[in-house]
Each structure stands twice: as C-alpha cells, then as structure tokens.
Protein chains: 2
Amino acid sequence: MTELEKGPKGRRRGRGARERILSASQQLFREQGINRTGMDQLCAAAEVSKRTAYQHFTGKDELVAEYLRRFDPSVLSGVFDRTDLTPRERLLAAFDIPPTTPLCPYIAAAVELHDPQHPASQCARDYKKAVAARLADTAREAGAADPEQLGEQLALLIDGAAARTRVLNADAFPAAAAIAAVLIDNAIPATAGDDRRREEVSS
Amino acid sequence: MTELEKGPKGRRRGRGARERILSASQQLFREQGINRTGMDQLCAAAEVSKRTAYQHFTGKDELVAEYLRRFDPSVLSGVFDRTDLTPRERLLAAFDIPPTTPLCPYIAAAVELHDPQHPASQCARDYKKAVAARLADTAREAGAADPEQLGEQLALLIDGAAARTRVLNADAFPAAAAIAAVLIDNAIPATAGDDRRREEVSS
DNA sequence: TGTTATGTACACCGCCCTGTGTGCTTACAG
DNA sequence: CTGTAAGCACACAGGGCGGTGTACATAACA
C-alpha cells in the first residue's frame with residue numbers, strides 16, 4: 001500500500017481540494033459562465049486557497065478543460081445505458097432534459113472561449129462527436145436505414161434545442177423531440193426488423 | 001433646415017464616427033467575440049478616439065445591443081423577400097449560409113453576455129422570434145398544415161446548425177437543410193389547398 | 001520522531017478592462 | 001469670418017483579472 005501515491009489523479013492524502021474546486025467550477029461556470037467567473041470567486045466558493053488551486057491546475061484553461069471532462073459519464077451513459085427502454089425510446093430519451101440544465105456546457109465553452117485550439121474546445125468537439133456516435137449506435141440498434149445520418153441529425157436537434165433554449169429563455173426540447181420522432185420514423189423502414197419496437201405514436 | 005439636428009441617428013455634420021464604430025464592431029465582435037474585444041482595440045479599428053465612442057454610446061452594453069440590431073435587415077429580408085423562389089424554396093434558402101458566417105451573432109451574444117436581462121439578449125430574443133415568425137409566414141404561404149409549428153421547427157434547425165457548426169468547426173447547415181426538407185414535405189399536405197400556389201414546382 | 005506532500009492565509013504583481021477629464025482641432029452653417 | 005458642435009489625443013482612475021511568493025499549518029507515513 002505504500003505505492004498508492006502518484007495515482008493518475010495526483011492527490012494522495014489531502015482533504016479533497018481538487019474535488020471541491022471542480023465541484024465549484026461545475027456550479028459557477030454554469031450559473032455565471034466561464035469568463036465571468038474569476039478564480040478568486042471560484043476559490044472562495046470551493047473553500048480552497050487560490051494557492052492550492054494553482055497547485056492542482058496549471059491555469060484556468062486547464063481547469064476549464066478538466067471541468068468539461070467531468071460531464072461525459074453523467075449525461076451520456078445516463079441516457080444510453082438504460083436497458084428498460086427500447087432503442088427508439090432511448091433515442092427520444094436524449095431529449096428529456098431536466099430543467100436544471102440551462103445550456104449544454106460544451107456549446108457555452110466553445111462560444112465563450114472562442115478559440116478552437118483551446119483544450120476545452122477540443123474536449124467539447126470530442127464530446128459532441130461521441131454523443132453523435134452513441135446516437136448512431138442506438139439508431140443502428142433501432143434498425144435505422146442510415147444510422148450515422150440519423151445520429152448526426154438527432155445530435156443537431158439536441159444542440160439546436162440547447163441553443164434555442166438559451167437564447168429564448170424557454171424550453172425548446174419538446175419541439176426538438178417532436179422533430180426527432182418524425183426523423184426516427186422516417187429513418188426506420190416500416191418493415192424494420194428491429195427487436196423491440198411495439199407501439200408507434202406518430203402524429 | 002436648421003432643425004435637421006437631433007435626427008434619430010443623432011449625428012448631424014460629423015465625419016461618421018458612429019458608423020465606423022458600428023462597422024468595426026461588426027467585424028471584431030464576430031472575429032473575436034464580444035468579451036474578448038476591448039474598447040481600446042475597437043476604437044483603434046474604427047479610427048475613432050475612445051472619447052468619441054463613449055459620446056455615441058453610453059457604454060459597451062449599449063454598443064453591443066446596437067450592433068445586434070444592425071443585422072435584422074441584411075439576413076432576414078435577404079432571404080425571405082426573394083420573389084424568384086417558391087415558398088418552399090425560400091424556406092430551404094434559409095439554410096444556405098455563406099461560409100463567411102462563423103456563428104449566428106445572436107446566439108453568441110446570448111451566451112457570452114450570459115444575462116437574459118441584458119438589452120442585447122432581449123434583442124437576440126426578439127430577432128429569433130422574428131425569424132421564426134417569418135418562417136411561419138412562409139410556411140403558411142407554402143401551404144403547411146401547421147405553419148407556426150413548422151416555422152418553430154425550422155428555426156430550431158437553423159440554430160442547431162449554427163451551434164453545431166461552431167462547436168465542431170464543420171459546416172452543419174447541409175445536414176440541417178436535409179432535415180428541413182423532410183419536415184417541410186411532411187408538413188405540407190400532398191393535396192396542398194392553399195391560396196397562392198400557382199407555380200407548379202419544377203419537381 | 002521527523003520528513004514530506006498537501007493545504008492555508010494573505011499580500012502582492014502586472015495586465016487589461018471599462019470608463020472619464022481636459023484641452024485642442026476641424027468642419028460646417030449662418 | 002465666426003460660432004458651435006463633432007471629433008481627437010492623451011493621460012489616468014478604479015477595478016477585476018490571472019497568477020505568484022512567502023510563511024505557516026496539518027496529515028500521513030517511515
């Protein structure tokens with residue numbers, strides 16, 4: 001057990017400053033945006049000295065990138081790994097966004113940072129591609145004729161709903177879900193040989 | 001003629017500082033974003049002294065709002081007033097975005113400013129609603145069963161393409177246009193009995 | 001025990017930002 | 001020509017920002 005130091009996460013016997021910093025980032029970056037959240041404020045919210053923060057992260061940029069990486073597991077697998085839904089339902093479940101989500105943080109970061117080379121921007125790109133890929137996988141599972149295309153289309157709908165929700169200050173996901181239902185039904189051949197679809201509620 | 005002063009635009013015999021400021025805003029806010037463009041840089045680009053800029057605009061906030069208001073005529077009417085296209089083609093023409101458009105400035109402003117109360121944010125909301133309304137009008141013209149819904153859906157597609165283009169650094173408008181075509185065809189009854197379809201689409 | 005990694009407290013730096021104060025120049029109207 | 005308003009040059013205030021230096025406290029392990 002003397003070798004548990006130097007884990008990939010770095011910290012070995014402290015009192016969890018890094019986690020508090022990232023947790024505070026999650027909250028503040030969402031509520032106020034990245035640019036409008038200063039390191040002073042962030043450290044105060046995390047109950048961490050600024051010095052400590054800069055020992056864990058070389059700079060704000062790295063902190064932002066790490067903050068974005070923390071989202072993958074929660075949303076992504078939370079939707080796609082549900083075995084209680086048919087593939088088609090899983091595709092639609094991606095549009096059931098809890099109202100606690102003001103705007104996809106990846107879009108926000110890409111817009112706020114405004115630099116495609118920024119590590120966080122690349123992280124956002126990777127995430128968006130991963131989501132589209134998982135949507136495509138599920139689309140394939142649902143028997144879509146062109147799963148990649150459907151996945152890309154659904155991803156576009158999600159992003160559109162997110163952006164529009166932000167600009168209009170009104171939930172746009174139901175509208176996006178309605179479009180998604182149309183696209184899904186159009187993409188899955190009526191003779192679809194998929195495994196578990198039983199009811200169709202198209203209108 | 002002694003009373004031509006105090007026109008709605010304010011300036012009466014100067015050498016056009018206000019126009020230069022707004023023109024420079026147009027360019028810089030797009031290229032660099034709003035937050036990353038300082039007033040110093042902006043005034044330098046506009047060849048205007050900072051003092052003059054603050055005599056025309058009470059602050060950066062007002063300048064940003066005015067900058068957004070300058071977009072309405074160009075894009076909006078440039079697409080919808082084309083009489084050489086059928087209504088259906090006009091709806092699709094909204095997705096023909098010249099590559100010189102990095103991201104819808106309204107979305108960018110709403111994200112960057114991060115304050116729904118900001119005058120520019122309200123301006124963005126108004127614009128988005130106006131676009132949706134014009135899309136709905138055109139949809140009605142095209143004989144859509146539910147024009148409002150189709151207009152809202154197309155607007156969502158446009159915003160999704162804009163956001164996705166920004167995040168992925170790749171043009172997403174063709175994909176959005178493909179979806180739009182599907183939605184339009186789904187929304188317009190094959191037996192379209194609207195008043196103004198005289199041109200038999202060159203299908 | 002002492003060493004070392006970790007976290008803290010607080011002051012501090014230089015930079016850039018929005019925004020002003022002041023006095024001078026230019027151009028047009030009468 | 002003269003008056004007046006538009007615009008200009010320059011310096012500066014006030015503040016927030018990202019980021020550091022220093023000295024000290026604490027927890028885990030040898």
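Excluded from the calculations below are hydrogen atoms, water molecules and symmetry mates; all remaining heavy atoms, backbone and side chain alike, are included. Reminder, nothing fancy here: chain letters follow the sequence lines and each chain counts from 1.
Considering only the side chain of A/Lys50, D/dG19 comes nearest among D/dA11, C/dG7, D/dG19. Of the listed nucleotides (C/dC10, D/dG19, C/dG21), C/dG21 has the atom at the smallest distance from the side chain of B/Arg51. When distances are taken from the side chain of A/Thr52 to each of C/dG7, D/dG7, C/dC10, the shortest belongs to C/dG7. Closest to the side chain of B/Tyr54, out of D/dG7, C/dG19, C/dG7, is C/dG19.
Between B/Glu19 atom CD and D/dG7 atom P there is a gap of 11 Å when expressed in whole angstrom units. If you measure from atom CG of B/Leu42 to atom P of C/dC17, you get 11 Å, rounded to the nearest angstrom. If you measure from atom NZ of B/Lys60 to atom P of D/dG15, you get 19 Å, rounded to the nearest angstrom. Atom-to-atom, CD of A/Gln55 to P of D/dT26 comes out at 17 Å; the value is rounded to the nearest Å. Going from atom CZ of A/Phe57 over to atom P of C/dT6 covers 14 Å, rounded to whole Å. The separation between B/Arg18 atom CZ and D/dC8 atom P is 15 Å, rounded to whole Å. Counting to the nearest Å, the C1' atom of D/dG16 and the CD atom of A/Gln32 are 13 Å from each other. For B/Gln41 and C/dT18, the CD to P distance is 10 Å, given to the nearest whole Å.
Positionally, the nearest nucleotide of DNA chain C for A/Ser49 lies more toward the 5' end than for the other of A/Ser49 and A/Asp40. Along DNA chain D, the nucleotide closest to B/Glu47 and the one closest to A/Asn35 are compared, and the more 5′ of them pairs with B/Glu47.
Across all strands shown, B/Thr37 has heavy atoms under 4.0 Å from sugar-phosphate atoms exclusively, and none from any base.
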Test log, rule side chain to side chain contact (heavy atoms under 4.5 Å, CB included), inputs A/Thr86 and A/Glu141 = CA-CA 9 Å; A/Thr86 68; A/Glu141 219 180 318; over 6 Å; no

Report the C-alpha distance between B/Thr37 and B/Gln41 in whole Å, list the side-chain angles of each, state the deciding distance to 0.1 Å, and finish with yes or no for side-chain hydrogen bond (donor to acceptor under 3.5 Å, both in side chains).
-> CA-CA 7 Å; B/Thr37 300; B/Gln41 183 191 7; 4.6 Å; no

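Checking each of B/His56, B/Glu62, B/Gln55, B/Lys60 against B/Thr58 for a side chain to side chain contact (heavy atoms under 4.5 Å, CB included) leaves exactly one that passes, namely B/Glu62. A salt bridge (Lys or Arg N to Asp or Glu O under 4.0 Å) with B/Glu148 is found for exactly one of B/Arg134, B/Arg140, B/Lys129, namely B/Arg140.
Distances shorter than 4.0 Å separate some side-chain N or O of A/Arg20 from OP1 or OP2 on C/dT8. Under 4.0 angstrom from either OP1 or OP2 of C/dG7 there lies at least one side-chain N or O belonging to A/His56.
Taking the six-membered ring for Trp and thresholds of 30 and 60 degrees, A/Tyr127 and A/Tyr106 have nearly parallel ring planes, at less than 30 degrees apart.
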